[in-house]
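Read through the structure below, which is laid out as structure tokens, and then see the notes.
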Amino acid sequence: MSQAKFLSKIVSTHCRRSRTKFTEDQMKILINAFEQNPYPGYATKQKLALEINTEESRIQVWFQNRRARHQLQKRPDLGKTLESSQRHDHLEEQTQSREPRRCRTSYTCSQLHTLIEAFMTNPYPGFHFREQLAKEIGVPESRVQTWFQNRRNKLHAWRKRELRESLEQDQGQDMIQGIQGTQNGTNFTSNSYFSGARIWTKRQIQCI
DNA sequence: TTCCTAACATAATCAAAAC
DNA sequence: GTTTTGATTATGTTAGGAA
């Protein structure tokens, strides 16, 4: 793919989901649920989504934003003045009382293949592209979003490790030169972000 | 048991819409 | 222009399941 075509694809696909506008009634239900439990499990979020006629992923984002903006405001001690051990205890307590998560999605080889191909083209897909992809592989759009998030994390972690290892090997030699080694015919340079996206796990290699 | 990775957390930031 | 708040990001943690 040419650079221009590639960039135009990024621009065309990099658009956000349109803002959700909750009604007063919806807000009442959400706030009430938040006051009962600011960390709802999947079943509760799903139930709320049905009740106010929206997607579960919108409920998740709403709770995230609400926790960030209201709970810390109400209890600044949580974020600032608690000793780290106390904070740890608090988080542990929360984790123990937390409702169950969504069941783990298990992707098939062909679904993974589609996702990886898409990631290599554009690791930051916009809402429409994610939706299109979700339709193609038959999962909710929110799962595609989570998959891309995790994949980017993996890429960043992998690149950090590569950099560290190459620095160790080269012992202070030119850093850029150090990470321009090739592996299985793929170049991984410090500025070739997208070619670096080709991270295949042992399992995926077996799969594809 | 270990490893991989989906799910989910916070914190920071972007950006649309209301004022 | 400012404020509010939904959407998205990076980064880190938790936990399910395959090897």
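Just so it is clear, the values below take in all heavy atoms, side chains as well, and ignore hydrogens, waters and symmetry mates. Chain A is the first sequence line, chain B the second, and so forth, proteins listed ahead of strands; every chain is numbered from 1.
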Exercise. From B/dC8, C/dA7, B/dT5, pick the nucleotide closest to the side chain of A/Q149?
Worked result: B/dC8

For this session: Please work out whether the ring planes of A/W62 and A/F22 are parallel, tilted or perpendicular, with thresholds of 30° and 60°.
Result: perpendicular

Using atom types as modelled, flag every donor-acceptor pair under 3.5 Å from a side chain in residues 42-49 of chain A to any protein atom, sequence neighbours excluded.
unit_1 : atom_1 : unit_2 : atom_2 : d
A/Y42  : OH     : A/Q46  : NE2    : 2.5
A/T44  : OG1    : A/E99  : OE1    : 2.5
A/T44  : OG1    : A/E99  : OE2    : 3.4
A/K45  : NZ     : A/Q60  : OE1    : 2.9

For this session: Kindly point out which of C/dT8, B/dA6, B/dC14 is positioned nearest to the side chain of A/F127?
Result: C/dT8

Exercise. Does any donor-acceptor pair link the side chain of A/R16 with the base of B/dC14 at a separation under 3.5 Å?
Worked result: yes

Exercise. Taking for each residue the nucleotide of DNA chain C with the nearest heavy atom, is it A/R101 or A/S106 whose nucleotide lies nearer the 5' end?
Worked result: A/R101

Please write out the pairs of protein N or O atoms and N or O atoms of nucleotides 16-19 of chain B separated by less than 3.5 Å, giving the distance to one decimal.
unit_1 : atom_1 : unit_2 : atom_2 : d
B/dA16 : N3     : A/R19  : NH1    : 3.3

Exercise. Can you tell me how far P of C/dA15 sits from OH of A/Y39, to the nearest Å?
Worked result: 14 Å

For this session: Look at the side chain of A/T105 and decide which nucleotide, out of C/dG6, C/dT8, B/dA7, has an atom nearest to it.
Result: B/dA7

Exercise. Which listed nucleotide (C/dG17, C/dG6, B/dT10) is nearest to the side chain of A/Q64?
Worked result: B/dT10

Problem set entry | 5'-most by nearest nucleotide on DNA chain C - A/W62 or A/N150 | A/W62

For this session: Measure the spacing between CZ of A/R69 and CZ of A/R66 and express it to the nearest 0.5 Å.
Result: 10.5 Å

Problem set entry | Gap separating the CZ atom of A/F34 from the NE2 atom of A/H70, nearest 0.5 angstrom | 7.5 Å

For this session: Round to the nearest Å and state the distance from A/Q145 atom CD to C/dA10 atom C1'.
Result: 13 Å

Problem set entry | Nucleic acid contacts of residues 41-56 of chain A, taken as heavy-atom distances under 4.0 Å to DNA chain C | none

Seminar exercise, completed: Atom CZ of A/R104 and atom C1' of C/dA15 are separated, to the nearest Å, by 8 Å

For this session: Choose from C/dA10, B/dA7, C/dA7 the nucleotide whose nearest atom is closest to any side-chain atom of A/Y107.
Result: B/dA7

Problem set entry | Any A/R102 side-chain N or O less than 4.0 Å from OP1/OP2 of C/dG16 | no

For this session: Could you grab the distance from atom CD of A/Q26 to atom CD1 of A/I59, nearest 0.5 Å is fine?
Result: 8.0 Å

Problem set entry | Spacing of A/R66 atom CZ relative to C/dT5 atom P, expressed in whole Å | 8 Å

Problem set entry | Heavy-atom check, side chain of A/E117 versus side chain of A/H113, under 4.5 Å | yes

For this session: Please report, rounded to the nearest Å, how far the C1' atom of B/dT10 is from the CZ atom of A/R69.
Result: 13 Å

Exercise. Hey, mind stepping through A/W147 and A/I116 against side-chain contact (heavy atoms from CB on, under 4.5 Å) and telling me if it holds?
Worked result: CA-CA 10 Å; A/W147 187 89; A/I116 291 166; 3.9 Å; yes

For this session: Would you mind telling me which of B/dA7, C/dA7, B/dT10 lies closest to the side-chain atoms of A/T20?
Result: C/dA7

For this session: Kindly state each residue pair satisfying salt bridge (Lys or Arg N to Asp or Glu O under 4.0 Å) with at least one member in residues 133-144 of chain A, sequence neighbours excluded.
Result: A/R17-A/E141, A/R130-A/E141

For this session: Compute the bend angle of the helix from B/dT1-C/dA19 to B/dC19-C/dG1 from the end axes (five pairs per end), rounded to 10°.
Result: 20°

Exercise. How would you list, by chain and number, every residue that makes a side-chain contact (heavy atoms from CB on, under 4.5 Å) with A/N32, sequence neighbours excluded?
Worked result: A/Q36

Exercise. Quick one: CG on A/N53 to OG1 on A/T23, what's the gap to the nearest 0.5 Å?
Worked result: 10.0 Å

Exercise. Given atom CD of A/E131 and atom P of C/dT8, what is their separation to the nearest angstrom?
Worked result: 11 Å

Seminar exercise, completed: Looking only at B/dT10, C/dA10, B/dC8, the nucleotide nearest the A/R67 side chain is B/dT10

Problem set entry | Nucleotide C/dA10, atom P - distance to CG of A/L155 in whole Å | 10 Å

Exercise. Roughly how many Å is it from CZ in A/F148 to C1' in C/dA7, rounded to a whole number?
Worked result: 17 Å

Seminar exercise, completed: Those residues at least two apart in sequence (or on a different chain) that pass side-chain contact (heavy atoms from CB on, under 4.5 Å) with A/S110 are A/T108

Seminar exercise, completed: Contacts of A/E56 meeting side-chain hydrogen bond (donor to acceptor under 3.5 Å, both in side chains) (sequence neighbours excluded), chain-then-number -> A/R102

Seminar exercise, completed: Of the candidates C/dT8, B/dA6, C/dT9, the side chain of A/R152 sits closest to C/dT9

For this session: Just call it for A/S18: base, sugar-phosphate, or nothing, with non-hydrogen atoms closer than 4.0 Å on any strand.
Result: sugar-phosphate

Exercise. Quick one: side-chain contact (heavy atoms from CB on, under 4.5 Å) partners of A/S106, sequence neighbours excluded?
Worked result: none

